[in-house]
Amino acid sequence: MRASKLRIFFASDLHGSEVCFKKFINAAEFYKANVIILGGDLTGKFIVPIFEVEGGRYRAKFANEDYSLTNATLEKFMQKVRDSGCYPYLTTKEEWEDLVSEESKMNSLFIDLMKDSIKRWVEYAETKLRGKEIQCYIMPGNDDHYAIDEILNASEIIKNPHEKVVNITDNLKMISLGYSNLTPWRCPRDITEEELEQKIEGLMRRIGDVDELIFNIHVPPYGSGIDSAPELDENMRPKLGPGGQIMMTPAGSIAVRKAIEKYQPLIGLHGHIHEAKGFAKIGRTLCFNPGSEYQEGILRGVLIQIDKGKVRDFIFTSG
Amino acid sequence: MGGDIYVRRASGLVRNISAWDAMIFNIMVMAPMAVLVYGVWASIIYPGAHLPTTALLAIPISIVIGLFYALFSIAMPRAGGDYIWVSRILHPSVGYAINFFLFMVILSVAGAYIPWFTQYTLAPVLEANGLVDLAAAVSSNEFAFAFAVIYYIICAMIISRGAKATSRVLWVFFILVLIGLAIYAGSLLLIGRDTFAANFSAATGVSYETIIEKAAEAGYPTTFSLTATLLGLTYTYINFLGFNFSIYLAGEIKEVQKSQIIAIAGAVLLFGFIDWLAYEVAYVGMGGEFLGALSYLYAIGSDVYPLGSREPYFMWLFRYAVDPKIFTAFMVGWGAMVLAAILTYVATAVRFVFAWSFDRVVPTFLSNVDMRYHSPYAALIFVTIVAIIFQALWLWTPLLQYFSYIVFGWMIMQIITSIAALVFPKKRPDIWERSPAIVKAKIGPIPVLSILAVISMILAAYLGYASISPAFVGELDPAIMAFTIGLFLIGFAIYFISSLYHRKVGIPLELSFKELPPE
């Protein structure tokens, strides 16, 4: 049986945005997609401290605005923070100063907050998708700490496809890797090109001959245009060209590119570089990067219609 | 770190256009000092209008409408501006239709502006410096076309280097414009009206006083009137169109919330000041009564009119005030303004095509992007070719005269965008609720955005009506009106054909714009 009239919705790089995650889950019914895939970088990058100043009153600074909160407005504010991809944290001045001064304590707090958030997301997904014929794949990306894997793996409804081969249909298989080649930030799942190549080859060995294949690999292929990122100087600031323009440089993976050229999957699903929304054709393979605008609460994605083993249509969505 | 957020090491989005870059972009779209041409037509259509006052009155009107667009842009800070807003709030076909109209308009205006450089700038400068034969040569359509091809290619090269590089070039043009303006204003204030009058009389053989007398005899009102000034305001406001073009760059602007207000309000204020100064010093140095009278004599085809077939554009009259070198220096600024305006039109049109392609309304190859500079080269090549075709049409066919009612069409666009803003809180509560506080500000129970939308709609309705009134365009030509409306209909047709195609092969286009439910 071939992959007949299959509609896939793919999004990536939510970075903690709760509203984007909810939209992702709801995308299945809304877009009439049979398969929804989240391609990594699930966790947030920021903690927003909320200080209790006196009984029932709080203050916080968020998005360059100062907030004075009460018990009545606290939860709404915290949800706003979560929706933008940040983690709200109720604390005291003393505790916060202690956390800031000791990196290990802050890292530990980050991990706890990430786990809490992913637990809440998984519960939401299970409630929404239970009993429905929708395949939901959620994978960690290079930014994501390994601590979240056990939560994703424990779910009965969503599947974590990271480092696995999964059968989407009888004929359509998908290999998935949340890793990236090395980035300037040395994220938890940054690995070398050689390691990436080995991982891909390892998964391909488990597949054997297959006509219809999806590469769900967080990092896009090198030099494909969907991997263009600002070139950074030694201070991690974008390099400017002679006209003052930001110099762009390919930041994708050579190993991923080589594998796509070698195996020619039907489609490549990628994320990682938020500003490089687009698609690229490498041989017969259509590679997509829907980009990310999670901070605005906007879920960027791509809908792909597959019929009789071919990509019939696709559109980028911004919902 | 204190009470601020704690950030772990990770990458993020890059926006590289500053508020000031965006402001200069808006100013150059409007073409500062173009009033030295438009003022003549305003004087002809509304005899007795006090032009400097019209510039001052246009500022608050533009600020109100500008604030409306700025707030909308802050609510939905995407490249594409009203195309995105209207698509998301009303329907994608409506958004595409208004954007297609604007695309056609800006490329037609670019076509009209090329002769402003070759015939209005180069030729008089060469003539003033004694190069009469060369001036005649550069006035030809063939030269204008050759220049257009070269300049559009230069524009493409600049734009291909990215938004920041384009901004840098616009800044250079802007400085040249300011230098030109300073020369023009300083010279006219220094030499005084008597010297200008004497020079004009000596050069043309018709005395300064005779011009005023003969115009008065022919029916020209020699005093300024409030009614004419208020009507003339329509004309001056039209010069301000484009003050909000930074909405089309919103996805590339840093700190868009603050920047759009600075870019739009700043552009209106600075452009308004330039307009006012250009008019005011012309009135002081050359005489408002004289300028109106000369324009009137030209319009009625009087035998006394001393400049032959040449229009009495204020920048050309400046030639009688100063020697050729100073005139040449001023015209460098004037020419820079023309070239800058064309660059902004091409840059905007490229963004439109790129956005349509990304939304799959037009073929996907048009969204191909250069990897090094991240520039949309396919859209750039397409727009350059279309602009060159438009240029040929402008020079050798009467087709682009069909764009005479563009202001009417532009006001239709503004009305549609205003309607979208009015229904925004009801139709898209999800986006409305997430908008920054400044967007959701209310006066009593009514959102400020809704109030501004109503004002914008009323002004657009009035200006749209005025722009097709007999006083403005003479007898209304049904064919041109049909063409104007037809441009919107072509936009709708393109959208629906594309939509039908995608529905047949796979995924409805409309899904691209639909907001996902968060619950």
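We name chains A, B, ... by the order of the sequence lines, and we start the count at 1 in each one. Nothing here was measured: the structure is a model prediction, and the numbers come from that model.
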* **Main-chain N/O of B:I507 paired to A:D313 side chain as donor or acceptor, under 3.5 Å** => yes

* Go through the atoms of A:I304 and report whether side chain, backbone, both or neither lie under 4.5 Å from a heavy atom of chain B. => backbone

* Quick one: are B:R360 and A:F314 in side-chain contact, heavy atoms under 4.5 Å? -> yes

* To do: Indicate yes or no for a side-chain donor-acceptor contact from A:T317 to the backbone of B:S512 under 3.5 Å, with no hydrogens or angles considered.
  => no

* To do: Give, as side chain, backbone, both or neither, the part of A:K80 having an atom under 4.5 angstrom from any heavy atom of chain B.
  => neither

* Please name the pair of heavy atoms, one in B:G506 and one in A:R7, separated by the smallest distance, quoted to 0.1 Å. => O-NH2, 3.2 Å

* Interatomic distance, A:I315 atom CD1 to B:D359 atom CG [nearest 0.5 angstrom] -> 8.5 Å

* Please look at B:S167 and chain A and tell me whether the side chain, the backbone, both or neither of the residue comes under 4.5 angstrom of a heavy atom of that chain. => neither

* **Proximity breakdown for A:Y87 and chain B, heavy-atom pairs closer than 4.5 Å** => neither

* Asked: Taking atom CD of A:Q79 as the centre, does the number of heavy atoms from other residues, nucleotides or ligands within less than 6.0 Å exceed 12?
  -> yes

* Is it true that atom CZ of B:F496 has more than 12 heavy atoms of other residues, nucleotides or ligands lying nearer than 6.0 Å? -> yes

